[in-house]
Amino acid sequence: MSIEIESKSTQRRTLVHWFRKGLRVHDNPALLQVFDVARTAPHKYSVRPIFLLDPGILDWLQVGANRWRFLQQSLSDLDNQLRELNSRLYVVRGKPVELFPKLFERWNVELLTYESDIEPYAVQRDAAVQKLAAVHQVHVDTHCSHTIYNPEVVMARNLGKAPITYQKFLGIVDQLKLPKVREKPEKLPEEVQPSEDALELADASVYDCPTLEQLVKRPDELGDNKFPGGETEALRRLEASLRDEQWVASFEKPKTSPNSLEPSTTVLSPYLKFGCLSARLLYERLKGILARHPKHSKPPVSLVGQLLWREFYYTAAAAEPNFDRMLGNAYCIQIAWNEQPDHLAAWTHGRTGYPFIDAIMRQLRQEGWIHHLARHAVACFLTRGDLWISWEEGQRVFEQLLLDQDWALNAGNWMWLSASAFFYQYFRVYSPVAFGKKTDPTGAYIRKYVPELAKYPANCIFEPWKATLSAQRDYGCVLGKDYPHRIVNHDIVHKKNIKRMTAAYKVNREVRTGKQEPDEELDEPTGKRKASSIKSGRAAKRRR
DNA sequence: CTCAATGTTGATGCT
DNA sequence: CAGCATCAACATTGA
């Protein structure tokens, strides 16, 4: 017994950084902490940066093949980055709560660091891990570095609540100090290399990065690899995006095109989502450029404005565990959406019969990224504009297909577009015909992604039902045979849906002001009061 | 309490 | 082709 204790006390202690999001070595305060501590006593410590991969989640998580590939590439690049710093990435297979007690013991862990996260799943997981760490006398330090501003700090400046308008949000963060962007850590001394544990002695590849074959269960669903994952590519893309300072300084999102053949915006979003690129670094770089160009665009339309939209939604989401649902969500207006599986399937797979909508949905499936305004067009079409299907259904499809899918942003934008929260001018409806014509009058985008319509001329490619049957035959694409008839008539349904929105808002208003109880069909028993408490202080006062 | 101003990105038709 | 009014009309904010 005494020998055991003796050997344990002389065994080196391990410092662990746990990667989740934040798949980078630059501006990573939690990683930096572990490296810094190791350097204070290189003979006492060894360092193990880890990523946990639960093989069970591959089957149920809403992640499409393209995003699995992005993750695989990001992990592989991260491993390379760490090897240049005399370390490596240790990918450990299993569930966090089952793994950590074993790792704490196996590696004699002293310190665990990670980047904090506001997603409910992560909050719950991290609380459980912190408990386990306490039991094993492992010190835990967390750092807020996925966002520029800490959502908790923003709320503290707004009477403890998340601001629900962007302008209010701007007013608050304008008073906050900017976080310091951190350099990537310096190389670790050789002595810090951990000696092989029992598992590594048995199998030297036990902690290796997953291969593409291991992560992508449906390789047939992989599209072109237009946006490879990883920090290296993120930083390359950052530099390419910032090269033209005039463009950066004059950027206005609403003036960029949703249907250009090549992206009209930076496509840094997937890299921000996985943390391959630090939002704080991007912010600092943008500020530097704007300082050299006094006449520049401003939030909400500027590039800085785009980053702050991300912050806005993160703050709102941090305050609401049900942010991704209609029921029990304090921000969200309650609407009796229809269930319409055939229409949902048509939208999901780009078979609505509206070429502009279908082209966007097919680009999304193939490439994993679509322009923000393209997301507006298809989201409006699915929900309040045409199909009257719940935003949660659209959220699910985006969650699967978008490389940049980020819980807070996806839910927040779906609520915005469906006029369920944050945005209320539901009478502004996108036309699935007219909207795309503004930036692509010839329909080149449609020809690329809906090739069966390639021979349709510009004057009817946005509305192929206007071509006569003989013309359709000439163009080699007959509606109902080679391409679907439109599943709804926009001119008719969008007017009907505006009236439905008016009715839904009226009910919601009466519920809020206490004139009427919420619809029992819509509300969960526990969600009743909550729906009104944040929405309106006026209503809450009246109730008291 | 009321009331006016405001809101990242609508469509249409007119000047 | 940019700018503007109109359509019908929302919630939030702040005076």
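Scope of the values below: all heavy atoms of this structure, side chains included, with no hydrogens, waters or symmetry mates. All chains are named by letter (A, B, ...) in the order of the sequence lines, taking the proteins before the strands, and each is independently numbered beginning at 1.
The nucleotide C:dA8 finds no pairing partner, because no Watson-Crick or G-U wobble arrangement with both distances shorter than 3.5 Å includes it. Partner assigned to B:dT8 is none, using Watson-Crick or G-U wobble distances below 3.5 angstrom.
Residue-nucleotide stacking is not present for A:Phe427 and C:dC10, judged by a side-chain ring centre under 5.5 Å from the six-membered base ring centre and planes under 30° apart.
C:dC7 and B:dG7 have their P atoms separated by 23 Å, given to the nearest Å. If you take atom P in B:dT8 and the same atom in C:dT6, they sit 24 Å apart, rounded to whole Å. The C1' atoms of C:dA9 and C:dA5 are separated by 15 Å, rounded to the nearest whole Å. Atom P of B:dT6 sits at a distance of 15 Å from the matching atom of C:dC4, rounded to the whole Å.
A sub-4.0 Å separation between OP1 or OP2 of B:dA11 and a side-chain N or O of A:Arg428 is absent. In this model, the phosphate group of B:dA11 is approached by a side-chain N or O of A:Lys438 to a distance below 4.0 Å at OP1 or OP2.
Among the heavy atoms of the strands lying under 4.0 Å from A:Val429 are primed sugar atoms or P, OP1, OP2 only; no base atom is included. In this structure, A:Lys168 reaches the sugar-phosphate backbone alone: every heavy-atom distance under 4.0 Å involves primed, P, OP1 or OP2 atoms, never a base.
Here B:dT9 presents its P atom at 7 Å from CH2 of A:Trp416, a figure rounded to the nearest Å. One can place CZ of A:Phe312 at 11 Å from C1' of B:dG7, the figure rounded to the nearest angstrom. Atom NZ of A:Lys506 is separated from atom P of C:dA9 by 13 Å (rounded to the nearest Å). Between A:Met501 atom CE and C:dC7 atom P there is a gap of 22 Å when expressed in whole angstrom units. Spacing between atom CZ of A:Phe422 and atom P of B:dT9 amounts to 16 Å, rounded to whole angstrom units. Atoms CE (A:Met415) and C1' (B:dT8) sit 18 Å apart, rounded to a whole Å. Computed from coordinates, the A:Tyr424 OH to B:dT6 C1' distance equals 13 Å when rounded to whole Å. Across the protein-nucleic acid pair, A:Ile164 atom CD1 and C:dA11 atom P stand 12 Å apart, rounded to whole Å.
Of all nucleotides listed (C:dC10, B:dT8, B:dT9), B:dT9 comes nearest to the side chain of A:Tyr430. Picking from B:dT8, C:dA11, B:dA11 the nucleotide with the shortest atom distance to the side chain of A:Gln306 gives B:dT8. Closest approach to the A:Ser431 side chain among C:dG14, B:dA11, C:dA9 is made by B:dA11 (side chain taken as heavy atoms from C-beta onward). Distance from the side chain of A:Thr165 is smallest to C:dT13 among B:dT9, C:dT13, C:dC10. Picking from B:dT8, C:dA9, C:dG14 the nucleotide with the shortest atom distance to the side chain of A:Gln167 gives B:dT8. Of the listed nucleotides (B:dG7, C:dA9, B:dA11), B:dG7 has the atom at the smallest distance from the side chain of A:Gln425. Looking at the side chain of A:Ala434, the nearest of the listed nucleotides B:dT12, B:dT9, C:dT12 is B:dT12.
Between A:Trp309 and A:Trp416, a ring centre-to-centre spacing shorter than 6.0 Å is recorded. The aromatic ring centres of A:Phe381 and A:Tyr354 sit less than 6.0 Å apart.
A salt bridge does not link A:Lys481 with A:Glu452: none of the charged nitrogens is closer than 4.0 Å to a carboxylate oxygen. Ion pairing of A:Glu284 with A:Arg280 is absent here, as no side-chain N (NZ or NE/NH1/NH2) approaches a carboxylate O to less than 4.0 Å. Comment: A:Arg351 does not engage A:Asp358 in a salt bridge, judged by the lack of any side-chain N to carboxylate O separation of less than 4.0 angstrom.
To the nearest 0.5 angstrom, A:Ile492 atom CD1 is 10.0 Å from A:Lys496 atom NZ.
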